[in-house]
Amino acid sequence: MDKEISTQKPVAKGAPEKVTNRDIFRAWIRFYFADEIPHSFDRYIAPALMWALMPILRKLYKDEDQLKAAYKRHLLFFNTQISWGGGVLTGIMASLEQTRAQETYENKELTITDDLIYNTKAGLMGALAGIGDSIDSGTVQYIFIAIALPWAQQGSAIGAIFPFVAFSVYQVLIGWYFARTGFKLGRKAATDIVGGSQMQGIIEGLSILGLFMMGILAANYVKVTSSLQWTLSGKKFELQEILNTVLPGLLPLVVVGGVYFYFVKRGLKVTRALIGLTVILGVLAAIGIL
Amino acid sequence: MDKEISTQKPVAKGAPEKVTNRDIFRAWIRFYFADEIPHSFDRYIAPALMWALMPILRKLYKDEDQLKAAYKRHLLFFNTQISWGGGVLTGIMASLEQTRAQETYENKELTITDDLIYNTKAGLMGALAGIGDSIDSGTVQYIFIAIALPWAQQGSAIGAIFPFVAFSVYQVLIGWYFARTGFKLGRKAATDIVGGSQMQGIIEGLSILGLFMMGILAANYVKVTSSLQWTLSGKKFELQEILNTVLPGLLPLVVVGGVYFYFVKRGLKVTRALIGLTVILGVLAAIGIL
Amino acid sequence: MDKEISTQKPVAKGAPEKVTNRDIFRAWIRFYFADEIPHSFDRYIAPALMWALMPILRKLYKDEDQLKAAYKRHLLFFNTQISWGGGVLTGIMASLEQTRAQETYENKELTITDDLIYNTKAGLMGALAGIGDSIDSGTVQYIFIAIALPWAQQGSAIGAIFPFVAFSVYQVLIGWYFARTGFKLGRKAATDIVGGSQMQGIIEGLSILGLFMMGILAANYVKVTSSLQWTLSGKKFELQEILNTVLPGLLPLVVVGGVYFYFVKRGLKVTRALIGLTVILGVLAAIGIL
Amino acid sequence: MTVQTWQAFVIALWVALVESRVLFGGATTTLRFTPMMTGMVAGLVLGNLSKAMMIVAAIQLIYMGVFSPGGQMPSEPAIAAAVAVPVALLGGLKPAAAVAVAVPVGLLGAYLYQFRLFLNTFVVHLTDKYAEKLNDRGLTLSIIWIPVLVGFALFLPFMFVTLKFGVPVISAFVKSNSGTLIFHILTVIGGGLASIGIALTVYVIGKKNYIPFFLLAYFMTVMFTKLNITMVTYAIIGSILAFIYVLGKNEAAKLAAKNNNSSDDEF
Amino acid sequence: MTVQTWQAFVIALWVALVESRVLFGGATTTLRFTPMMTGMVAGLVLGNLSKAMMIVAAIQLIYMGVFSPGGQMPSEPAIAAAVAVPVALLGGLKPAAAVAVAVPVGLLGAYLYQFRLFLNTFVVHLTDKYAEKLNDRGLTLSIIWIPVLVGFALFLPFMFVTLKFGVPVISAFVKSNSGTLIFHILTVIGGGLASIGIALTVYVIGKKNYIPFFLLAYFMTVMFTKLNITMVTYAIIGSILAFIYVLGKNEAAKLAAKNNNSSDDEF
Amino acid sequence: MTVQTWQAFVIALWVALVESRVLFGGATTTLRFTPMMTGMVAGLVLGNLSKAMMIVAAIQLIYMGVFSPGGQMPSEPAIAAAVAVPVALLGGLKPAAAVAVAVPVGLLGAYLYQFRLFLNTFVVHLTDKYAEKLNDRGLTLSIIWIPVLVGFALFLPFMFVTLKFGVPVISAFVKSNSGTLIFHILTVIGGGLASIGIALTVYVIGKKNYIPFFLLAYFMTVMFTKLNITMVTYAIIGSILAFIYVLGKNEAAKLAAKNNNSSDDEF
Ligand SMILES: OC[C@H]1O[C@H](O)[C@@H](O)[C@@H](O)[C@@H]1O
Ligand SMILES: OC[C@H]1O[C@H](O)[C@@H](O)[C@@H](O)[C@@H]1O
Ligand SMILES: OC[C@H]1O[C@H](O)[C@@H](O)[C@@H](O)[C@@H]1O
């Protein structure tokens, strides 16, 4: 990704306006609202991020070409979890764009290159998704539900309303906090990323943690077991039982690994993976292997 | 063993006398005896170490100012566990002081500076406390007790006398061994610490182990649970139960962390922490939260 | 071991013949056949490896002294597990010898020295033994047996024949695969080992894994418990029970550690260790300690 | 014994709002991942809130822990509830029986949602065009309103038809087919599809060298299943390991620099 | 039914010797951390050794594992035993009932011990002065004898009065208050105070970067509670991790040096 | 009630083929580590295959997991079966009783196998000589045929005599001695000897610095005994740890190089 380093110095059209905390709040709320509305297989939720940043980008780039370039920058593939990933990255992106706009305007050499912006986004989005999904959707959400379930069981509507309201409020609030932190961090990070190793360390750490959490999710969440069994001279054998004596958890891992290697080989073709996996699993289930 | 190359050139007030194994034994026994007698909140057991080393320091420094400085050096904050920490550090300190006295006497440049002495002590005391507490007080002591308990249950005095004698003998012996090892190690370490990374590695390793053991102790030893419960539309909720589905062990960790950060922010104000924590816990217990 | 680099450039007698895949297959099958036939305490299965490589060495070294040296090279102490260790090393050794023969013939400076060959072998054999033993003998073999056992319990001979055939076929096949991979890898590795760190990394990784697996085996496989018990004022004590409250697994580890340190101090005197340990264990069992 | 037209329409509308994700934005997360609110709405519309809540609570139990890492979900609980609650209310089924209806419907619903993502693939080309023209209104149109419309076009008629005409059919179908091969196949597929979202995220994180940490976590979870370790505990363990790894690396580099300097000094 | 003066005095003397830590120095560790010897002494003094041992064995059971990392202990078992054993012997309580007395008394005793540390804070100024004057006798006085005196002044009268006049009162109080809020509060405080000594030691070790190892150990213990792993096992695991960490660091630095040299050679 | 001469001979021959390891080479691994095939052969020879299989299945159960890391085995299952199956068949013992015979015989067999390794120590000198002379036939002789002969000389007569004359004796001996000290001693020795092969392999791997990984694995296994973690799972965990260790080291070295270069640039 580091191929093109765009160091063009365009002529200034107008000074960028200051990005305020209100702008950050607005961007975050826009992101929160749009989030998965434009969900699609090839860009995922990139349009939501772009739409969230739109007002800020308008304030920063008074030059049409610059603005166009900024819009496009945020339409590249993007996916993350709403509050952790969305919060942090809305903030950091706003911060990076602000610095870039300033540099552009002052005709300085660009330290915040296209690549830097995309790499920062790409370097964090997956890791933060792994973390945010497991903590928010996987834990916090179900705590609220577990608390409210008894009410539902007694026929009370509060059992439905409470977790809905509580979780929504929770996500709006922490996302906002993350956005502000990201904005602050981003400003410093902007220079740091170029030379320093601190930001590098943070991205690495988050990537490790993100992958770690995906491992936890895979183990808890992907359910593939063999239902194959056969009888030989009156003795019943179950394949899954045998597999468990060798390597419990083998099958789900094979499936996740298979899809992963498909993406590595063929790129992020999600629809195809979806259909292909459906067919394979369906056939294996039909013939009694799974 | 390491014979001493004493090339005495008696110019100054008086040459330092040789520190013998008997001196080390005596220092160790003095430390063992004094240990927590002078326990206080601001220096902890520093006076005990100083008192243990007194006869050795007298042999080493014939110059009054030097001796005074040495006394003061060992009255700075010091806390450790008796046999592991006390043993090792009695030995190492004796060794460092011996080298320093020699250097002072020979008018050489000091390699064993005040800082070096205090840093060595401070670098090891906590780590060795963590290790020694968990192994001696936490394990060995209770093995002896577990062995003897049945006698007590049958009404025999041996149930009390055996663990007392056995554990005391054990601690005197291993402490003595550690003191001698520390004394030997210290002589080599003295030069090593200045430049080398070996001693550095040892201190780091012991620090990690010490912190690790404190983590084990915290989990086993600090008991804070919420007793908060409430009833909503006839369903009983227990806060502690909910916390356990999120992060078992949260509350004790919060308490330890709170006290730790208090020390970080305000320095080692133990009395205040003690009173403060008592009040906080007491109030929370009184209003039914804990 | 890297001290002596033999760079003698002997006169060529005849060009080395090419080592084909068939040769590798043959060497592997010869190794598979010979394996533990010549098992002895001082060389272990070195003669089997030598005998496996014989035809290839004949093809490579047309000079008698060279051949003789090659034969001797592979009669030094060698032990490994049959399919993983034997497979990989048959392949790598063939590859290294081929390069060496070529270099010798072309009168080039030798990059594949005696030391390099032996270090590669010695660096991998133990690690691969640890891995191969646990996976093949410890797991795969017993899966086949577990599958077949019910047949045996019903009196059917298939209960004996199936695991025997299945496991043998499995080992021949994976060993062959490993041999071919080793042969390919070896060619590249040959140059890599000299300077590069990649091969170094692989050897280190395999060593760690090998030691790790030996730890697993030791814990599952070495069975030493104390049967000592005594009664004091009517209360029964069992030493093993007390040990379990301190450090479960202590005794087996002491035994493994003891033998290991014996080897470290005295060299690989297996017969003596065997007899010594028998006597010690026997006596301790006889007097009621074990 | 059948759903009235207005009832079918209102429930279908609710589902369309949830599944197009336009109802309070990110707040639809819980609406979509869990059946509770949908069950409540169905109860209100069908005039038996209390019974509906009891039914949907039973449905919730089988969906505990369901969510969508990387865009995949084994099942679509909101759709399941929108069908199963009316079926159960009108057919007088017990909560447990409603679950039998919910499972296959939820699995089918998951495919419908995937189809939405597929259709949005075409919408995004429009977005690109508007971006090129700096047309902000067009962007809002193509990023928000058209995807919402797509969602409505997909879920509104489908849910309406299902509720208006399908309820007795489904009820009969489920009764006669549960435990058959077709249900088995649906369950297997549902259980395996979560892998896509996870693989996607691993791919997106993109640090191949660190995949051992994925495997470590995976096998830790498998090994420690019996210990019931919570996800937050794992998140903390993961943070600790990540921190120690990065710390070790940095400290080693510093040590190397120090050694390097001091050996430079010697010469 | 009451303790005689000489009996109260001898037991109080024993406690003062233990708690001032002067009785065989470090050997007071076990005397202070465990109630056994104190129970024995009380039994001897009150003329019923055998029964006293049975009572104190029951008390010991609730104090298994108690000790004082960094100077904090949740309870003072020796003091607990010094009061509970006489109460039980004279009141003819069963061992189990003696425990109910021991617990609150032990908690209060812990505060008394903390007060000793507070008082010693003033004594140390004297030590500084004598050090300045190189007055070795003065040093021994201020390091050993004055703190011992402080200990006696604190524990001797307190214990004497408690034993002489308090036994029936305590007995009555415990009977009427067990299970009440005040006991709950005492228990909570006792359970939480151990945190101070631990936090102190963490602080004293002073390597902030390595705190993740503290957390790792903490959560390992929580995760593996059910596996009953012993402290020595953990100590070994900790040693191994520490060793691997330092080893990795050193090896990496060496590798860097090697790479560095060989790349230097190339040019 | 006794074994006939030809029967004793055939079984002894089989054992000699297995234990000299010449029967299909590496395939003798399973023949030697497990009693199954030997039991089958004994059954065929003694004319009661079906009963023999049942007996040997019981024997197999006590040898589950037995193999020979680094050349040591706690017991020699093939020899155990070769004796125990005939004893049980002829004595009409139940499978469970056959086990009582198998255990001590297997322990003794292990010593016989060790003796083979000892004898081969002398054969290898011959190999050295032939290598010096480049005598390939001689090499094959000394590497294959002489060791095979040694194996036969050791196992054939021993097994023949045991089977022909020993069966009633053994049967009687086992019955009267099981549970006695001598059996206890044999069991203890058998349980401890595996340590030699493991220590040998650790020694041969020869990376002393990495021994903490050995200890880590050892104590992990002890700690997690109750979780029944499989060996392949452990192998994967080991691979992951090894990979992470090496990765961390390499990345640190690279980081050092990078820092080094960038700091070089500054000057
Ligand atoms: O995994 C990250 C992210 O991926 C998709 O965008 C959706 O499934 C979200 O629910 C999820 O949070
Ligand atoms: O923790 C180290 C050390 O701290 C204090 O000095 C006392 O609590 C000792 O018992 C303990 O060993
Ligand atoms: O441990 C490696 C290897 O050692 C010896 O050669 C034998 O015990 C083999 O069975 C084993 O595979």
- Item | 4.5 Å side-chain heavy-atom contact, A:Val222 and D:Ser195 | yes
- Query: With only heavy atoms counted, which part of D:Phe122 is less than 4.5 Å from chain A, the side chain, the backbone, both or neither?
  - Reply: neither
- Which atoms of D:Leu44 come close to chain A, meaning under 4.5 Å heavy atom to heavy atom: side chain ones, backbone ones, both, or neither? neither
- Relative to chain A, which of D:Gly39, D:Ala58, D:Ala242, D:Gly43 shows the most heavy atom pairs under 4.5 Å? D:Ala242
- Item | Engaged part of D:Val22 at the chain A interface, taking heavy atoms whose separation is under 4.5 Å | both
- Item | Aromatic ring proximity D:Tyr210/A:Phe212, centre distance under 6.0 Å | no
- Query: Is it the side chain or the backbone of D:Tyr63 that comes within 4.5 Å of chain A heavy atoms, both, or neither?
  - Reply: backbone
- Is any residue of residues 283-290 of chain A within less than 4.5 Å of chain D by heavy atoms, and which ones? A:Ala285, A:Ala286, A:Leu290
- Message: Quick check on D:Val66 against chain A: is it the side chain, the backbone, both or neither that has a heavy atom closer than 4.5 Å?
- Response: both
- Salt-bridge test for D:Asp136 and A:Arg58: reply yes if a basic N is under 4.0 Å from a carboxylate O, no otherwise. yes
- Note on the structure: Nearest heavy-atom approach of D:Phe214 to A:Ala218 is CZ-CB, 4.0 Å
- Which one, D:Ala27, D:Gly25, D:Ser68, leads in non-hydrogen pairs under 4.5 Å with chain A? D:Ala27
